[in-house]
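Note sheet for the following structure.
Because only heavy atoms are used, hydrogens play no part in the values below, and waters and symmetry mates are left out as well, while side chains stay in.
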Amino acid sequence: MYRKVDDFIQEWKQESQLTLSVLNALSDEKLGQAIEEGHNTLGWLGWHLTTSPVFFVGQLGLDLDVDLSDKQPSSASVMKDSYERVSQALLHAVEQVNSDAFMEEELQALGATLTKGAMLRLLINHQAHHRGQMTVLLRQAGLTVPGLYGPTKEQSR
């Protein structure tokens, strides 16, 4: 849970860059890669990472004012560019919050009472969770897996 607005801002800057590194590893031809049929694909996960911040900060009463298609794009570069827009809009919206007391305000979301700081922690955790899924699929697809919290096997050689 975050107690200070600036703590979230600093972590979002780092974490959103990690998400971008995963999105940068995508190719149009491999967006359909899934662990097995019927499971989430690289494309679905990438678009979910792009659109879900709008939901999370919407729960806080913040508007990101970004126009996103309801339909998953068939272009990895469109997905990456959309994520960059969402990420910057989120950063801008949170930077406008003028008091750390915002983080302690309670809200009803996801069937629970949470603080806004806890909801932002869930956003960060959610992004990390799906990035992890994507790294497995990237490897299965034969694409380059970026180092996130340390080097990958290929980067260690």
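- In summary, the side chains of Gln133 and His130 do present a donor paired with an acceptor at a separation below 3.5 Å, with no hydrogens or angles considered.
- Listed here is the closest heavy atom pair of Asn40 and Leu137: O-CD1, 3.8 Å.
- Nearest approach of Leu148 to Ser21, heavy atoms of both residues: CD2-OG, 3.4 Å.
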Dump the intermediate steps for side chain to side chain contact (heavy atoms under 4.5 Å, CB included) on Glu15 and Arg131, then the final yes or no. CA-CA 10 Å; Glu15 293 292 314; Arg131 280 196 314 258; 2.6 Å; yes
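- One distance of note links CE of Met79 with CH2 of Trp44; it measures 11.5 Å at 0.5 Å rounding.
- Side-chain heavy atoms closer than 4.5 Å link hydrophobic residues (I, L, V, M, F, W, Y) into clusters, and following such links, even through other members, never connects Val136 to Leu23.
- Within the 4.5 Å cutoff, side-chain heavy atoms of Met103 are placed close to those of Phe8.
- In this structure, Ser87 contributes its side chain and Glu84 its backbone to no donor-acceptor pair below 3.5 Å.
- Residues Lys116 and Glu104 are not paired through a salt bridge, judged by the lack of any N-O separation under 4.0 Å between the basic side chain and the carboxylate.
- Pro53 pairs in a side chain to side chain contact (heavy atoms under 4.5 Å, CB included) with only one of the listed residues (Leu90, Val66, Thr19), which is Leu90.
- Rounding to the nearest 0.5 Å gives a distance of 11.5 Å between CG of Asn24 and OG1 of Thr144.
- With rounding to the nearest 0.5 angstrom, the CG atom of Leu26 is 11.0 Å from the CD atom of Gln33.
- In plain terms, the two heavy atoms of Ala109 and Met119 that are nearest each other are CB-CE, 3.8 Å.
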Trace of the side chain to side chain contact (heavy atoms under 4.5 Å, CB included) decision for Leu138 with Val22: CA-CA 9 Å; Leu138 286 171; Val22 171; 4.0 Å; yes
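- In terms of hydrophobic clustering, with Ile, Leu, Val, Met, Phe, Trp and Tyr side chains grouped at heavy-atom distances under 4.5 Å, Leu49 and Val78 are assigned to different clusters.
- Aromatic ring orientation, His126 versus His48: perpendicular (interplanar angle above 60°, classes split at 30° and 60°).
- With hydrogens and angles disregarded, a donor-acceptor distance shorter than 3.5 Å links the side chain of Asp28 to the backbone of Ala76.
- With rounding to the nearest 0.5 angstrom, the CD atom of Gln72 is 11.5 Å from the OG atom of Ser82.
- In this structure, Thr115 and Tyr2 have side chains that are not in contact, with every pair of non-hydrogen atoms separated by 4.5 Å or more.
- At distances below 3.5 Å, at least one donor-acceptor pair connects side-chain atoms of Asp100 with backbone N or O atoms of Val5.
- Note: Trp12 CH2 to Leu120 CG = 9.5 Å, rounded to the nearest 0.5 Å.
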Show the numbers, then the answer: is there a side chain to side chain contact (heavy atoms under 4.5 Å, CB included) between Trp47 and Leu68? CA-CA 10 Å; Trp47 194 237; Leu68 295 173; 4.0 Å; yes
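- For the 3.5 Å distance criterion, the side chains of Glu106 and Thr113 fail to qualify, holding no donor opposite an acceptor.
- In this structure, Gln10 CD and Leu91 CG are separated by 8.5 Å, a value rounded to the nearest 0.5 Å.
- Each of Leu62 and Met1 belongs to its own hydrophobic cluster when Ile, Leu, Val, Met, Phe, Trp and Tyr are linked at side-chain heavy-atom distances under 4.5 angstrom.
- Under a 3.5 Å cut-off, the side chain of Gln155 and the backbone N or O of Thr152 do form a donor-acceptor pair.
- Gln127 places no side-chain N or O within donor-acceptor distance of the main-chain N or O of Leu123, the cut-off being under 3.5 Å.
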Evaluate the side chain to side chain contact (heavy atoms under 4.5 Å, CB included) criterion for residues Leu122 and Leu110: first the C-alpha distance (whole Å), next the side-chain angles of each, then the deciding distance (0.1 Å), finally the verdict. CA-CA 11 Å; Leu122 285 173; Leu110 307 173; 3.9 Å; yes
